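These numbers come from a predicted model, not from an experiment.
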Amino acid sequence: MARYTDSVCRICRREGLKLFLKGTRCYTKKCSFERRPSPPGQHGVRRRKVGEYGLQLREKQKVRKSYGVLERQFRNYFVDADARPGVTGENLLRSLELRLDNVVYRLGFASSRPQARQLVAHGHFAVNGVPSNIPSYQLKPGDRIEVRESHRSRELFKTVKETIRNHQAPDWLTLDPAALAGSIVRPPRRDQMPLDFNEQLVVEYYSR
Ligand code: SF4
């Protein structure tokens, strides 16, 4: 499957926003965006006039790359969100938030979404007792996500168990640090999802 292999810090610089794709490094002085917030490339520092289409495109890219979703899959999320009742932009963000890799990240089992995606793909998690290695797996209220029993004794999860003790999961999730598990209480409301995304621009991009 195609995947992004360039430096992920370039994505933050391109989108003009810290997207926290590198875990703990993002909170240190080593963060590339902190050191050089201009867009990447030889002409990155030049001021460019951005039109309406440019704004919509950049917003779409920002959301898509934050969740690590490829173009075609992201469009499918939009088509599905548009077909469901409710506000399309919110439906879209909600589907992205309910991806298994995102929930693993939100529960604090991983320090970034890319790391969460890798942990899921390596088969460390189970949903409702059934092993799942599909990062895009759509969760729903009532679902229980846990580190598989046979993987809990691994050094990685011993460390995670310590770090998630103080982790504050969002209100729409519950976290049981001792059991290395969490559940979906309800779908997230708009104010419980990232506020620095303007999903309306994404809807406008696909509605052209
Ligand atoms: Fe973005 Fe993190 Fe890289 Fe900073 S360190 S530019 S927040 S991915």
Side-chain angles (χ1 to χ4, degrees), residues 1-4 8-22 26 33 37 39 48-108 110 112-117 120 127 132 134-143 145 168-175 182-208:
M1 192 191 82
R3 66 192 177 93
Y4 182 83
V8 290
C9 293
R10 285 173 71 91
I11 300 176
C12 296
R13 290 179 56 210
R14 164 64 57 213
E15 306 309 333
L17 180 77
K18 285 180 72 155
L19 299 177
F20 300 96
L21 303 171
K22 275 212 159 173
C26 306
F33 186 81
R48 285 181 206 161
K49 215 174 155 191
V50 183
E52 203 177 317
Y53 170 75
L55 285 175
Q56 295 164 355
L57 172 67
R58 291 268 57 91
E59 200 62 27
K60 186 266 291 180
Q61 294 292 71
K62 187 164 81 182
V63 178
R64 184 175 76 75
K65 289 179 176 179
S66 290
Y67 289 93
V69 177
L70 292 176
E71 186 61 53
R72 185 180 297 186
Q73 193 180 15
F74 194 75
R75 179 177 274 277
N76 290 341
Y77 275 114
F78 172 79
V79 171
D80 179 60
D82 197 28
R84 279 186 282 131
V87 182
T88 304
E90 283 188 33
N91 289 346
L92 172 68
L93 287 186
R94 200 163 288 119
S95 298
L96 294 166
E97 281 291 316
L98 286 167
R99 285 170 56 98
L100 176 57
D101 57 356
N102 182 69
V103 170
V104 164
Y105 166 61
R106 293 277 183 225
L107 288 170
S112 65
R113 287 193 187 92
Q115 191 198 11
R117 182 189 179 91
V120 172
V127 178
S132 175
I134 303 167
S136 63
Y137 185 91
Q138 273 291 296
L139 296 164
K140 54 188 184 318
D143 281 349
I145 302 93
Q168 187 71 46
D171 287 350
W172 55 279
L173 299 172
T174 54
L175 172 64
S183 336
I184 313 280
V185 180
R186 65 185 84 85
R189 294 190 312 265
R190 178 63 191 95
D191 62 337
Q192 295 170 321
M193 297 189 280
L195 298 175
D196 41 13
F197 293 151
N198 184 345
E199 66 276 16
Q200 188 51 34
L201 286 176
V202 182
V203 174
E204 285 167 16
Y205 173 85
Y206 283 118
S207 309
R208 278 169 304 131

Where is the tightest heavy-atom contact between [X] and [Y], given as atom of each residue plus distance?
{"X": "C26", "Y": "L21", "answer": "SG-N, 3.7 Å"}
{"X": "T88", "Y": "A81", "answer": "O-CB, 3.6 Å"}
{"X": "N102", "Y": "L96", "answer": "CB-O, 3.6 Å"}
{"X": "S136", "Y": "R99", "answer": "CB-NH1, 3.4 Å"}
{"X": "Q192", "Y": "P187", "answer": "OE1-O, 4.5 Å"}
{"X": "A169", "Y": "L107", "answer": "CB-CD2, 4.4 Å"}

Side chains of [X] and [Y], heavy atoms from C-beta outward: is any pair under 4.5 Å?
{"X": "L19", "Y": "C12", "result": "yes"}
{"X": "W172", "Y": "R189", "result": "no"}
{"X": "P135", "Y": "V120", "result": "yes"}
{"X": "F78", "Y": "V203", "result": "yes"}
{"X": "F33", "Y": "L17", "result": "no"}
{"X": "R94", "Y": "Y77", "result": "no"}
{"X": "K140", "Y": "L98", "result": "no"}
{"X": "R106", "Y": "E97", "result": "yes"}

Quick one: [atom1] on [X] to [atom2] on [Y], what's the gap to the nearest 0.5 Å?
{"X": "I145", "Y": "D143", "atom1": "CD1", "atom2": "CG", "value": "6.0 Å"}
{"X": "R13", "Y": "K18", "atom1": "CZ", "atom2": "NZ", "value": "13.5 Å"}
{"X": "L57", "Y": "K62", "atom1": "CG", "atom2": "NZ", "value": "12.0 Å"}
{"X": "F197", "Y": "R64", "atom1": "CZ", "atom2": "CZ", "value": "12.5 Å"}
{"X": "E52", "Y": "E204", "atom1": "CD", "atom2": "CD", "value": "6.5 Å"}
{"X": "L173", "Y": "Q168", "atom1": "CG", "atom2": "CD", "value": "11.0 Å"}

Against the six-membered ring of Y67, is R113 placed for a cation-pi contact (under 6.0 Å from the centre, within 45° of the normal)?
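Pair R113/Y67 counts as cation-pi.
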
Take L100 and I134 through the test side-chain contact (heavy atoms from CB on, under 4.5 Å) and record every step on the way to the result.
CA-CA 7 Å; L100 176 57; I134 303 167; 5.9 Å; no

Please check: side-chain N/O of [X] versus main-chain N/O of [Y], any donor-acceptor pairing under 3.5 Å?
{"X": "E59", "Y": "N198", "answer": "yes"}
{"X": "Q138", "Y": "S95", "answer": "yes"}
{"X": "K65", "Y": "I11", "answer": "no"}

Take D82 and Y206, measure what side-chain contact (heavy atoms from CB on, under 4.5 Å) needs, and give me the verdict at the end.
CA-CA 10 Å; D82 197 28; Y206 283 118; over 6 Å; no

Is any NZ, NE, NH1 or NH2 atom of the basic residue among E71 and K60 found under 4.0 Å from an Asp or Glu carboxylate oxygen of the other?
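Here E71 pairs with K60 in a salt bridge, since their nearest N and O are under 4.0 Å apart.
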
Should we count CZ of R72 as having more than 12 external heavy atoms under 6.0 Å?
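No, CZ of R72 has 12 or fewer neighbouring heavy atoms, counting only those of other groups under 6.0 Å.
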
One pair to check against side-chain contact (heavy atoms from CB on, under 4.5 Å): V202 and F74. What are the steps and the verdict?
CA-CA 11 Å; V202 182; F74 194 75; 3.9 Å; yes

